[in-house]
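Worksheet: one structure, shown below.
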Amino acid sequence: MAEGPEAVLALYGERINNHRFDDLVELISDEATFWFSEGSYSGEAIRRAFERTWGQVAEEHYWLEDTRWIAMSESAASCIYRFRWRGMVGGEMHEGSGRGTSVLRKEAGGWKIVHEHLSPER
């Protein structure tokens, strides 16, 4: 597993485009809560939210830009960023972007994402 919050977030950014939630499990805390524009998710609901999105957006590619670490300690870190995505929706290419916040915590198994908040840009 990656060491340090920056490495975990970078690995998350790579693996998310595999569209297999099992590739992300070791990076996400069991206690995580994700806030997306359509709802809030914890536990198994996080998996269902990811899989629902991947089912709706074919060939999706997702990435982060302008990542800025706003807090960092030996046990917790937080960053803000812009996220972008591109993929096929209803047979047509679409793309979007928004703002995000991720909070990571050092747990027994290493650094994990304990919270993610994504919202559309307005």
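Heads up: numbering here begins at 1 and tracks the sequence.
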Identify the heavy atoms of [X] and [Y] that sit nearest to each other, and give their distance.
X: I46; Y: A32; result: CD1-O, 3.6 Å
X: A76; Y: W111; result: N-CH2, 3.5 Å
X: R84; Y: S97; result: NH1-CB, 3.3 Å

Flag side-chain contact, heavy atom, 4.5 Å: [X] against [Y]:
X: S78; Y: T101; result: yes
X: D23; Y: Y12; result: no
X: W69; Y: E6; result: yes
X: I16; Y: W63; result: no

Drop me the distance from [X]'s [atom1] to [Y]'s [atom2], to the nearest 0.5 angstrom.
X: E95; Y: H61; atom1: CD; atom2: NE2; value: 11.5 Å
X: S102; Y: E116; atom1: OG; atom2: CD; value: 4.5 Å
X: L11; Y: E3; atom1: CG; atom2: CD; value: 12.5 Å
X: S75; Y: L104; atom1: OG; atom2: CG; value: 11.5 Å
X: L9; Y: L27; atom1: CG; atom2: CG; value: 9.5 Å

Is it true that a side-chain atom of [X] and a backbone atom of [Y] form a donor plus acceptor pair closer than 3.5 Å?
X: R15; Y: L24; answer: no
X: N17; Y: Y62; answer: yes
X: S40; Y: F36; answer: no
X: H115; Y: F34; answer: no

Can we say [X] and [Y] salt-bridge, meaning some charged N sits less than 4.0 Å from an Asp/Glu carboxylate O?
X: E31; Y: R105; answer: yes
X: R20; Y: E51; answer: no
X: E60; Y: R86; answer: no
X: D22; Y: R47; answer: yes

Starting from [Y], can I reach [X] by hopping between I/L/V/M/F/W/Y residues whose side chains sit under 4.5 Å apart?
X: V8; Y: M72; value: yes
X: I80; Y: L64; value: no
X: Y81; Y: V114; value: no
X: V25; Y: V103; value: no

- What do you reckon, are the aromatic ring centroids of H94 and W85 less than 6.0 Å apart? no
Has [X] got more than 12 heavy atoms of other residues, nucleotides or ligands less than 6.0 Å from its [atom1]?
X: N18; atom1: CG; result: yes
X: Q56; atom1: CD; result: yes
X: W35; atom1: CH2; result: no

- Item | Derivation and outcome, salt bridge (charged side-chain N to carboxylate O under 4.0 Å, His left out), residues E74 and K106 | CA-CA 8 Å; E74 292 182 15; K106 192 169 188 179; over 6 Å; no
- Task: Give a yes-or-no answer on whether the side chains of S42 and T33 include a donor-acceptor pair shorter than 3.5 Å.
- Result: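 Side chains of S42 and T33: pair found under 3.5 Å.
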- Donor + acceptor pair across side chains of E107, S29 (<3.5 Å): yes
- Where does the angle between the aromatic ring planes of F21 and W54 fall among parallel (under 30°), tilted (30 to 60°) and perpendicular (over 60°)?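 Rings of F21 and W54: tilted, 30 to 60°.
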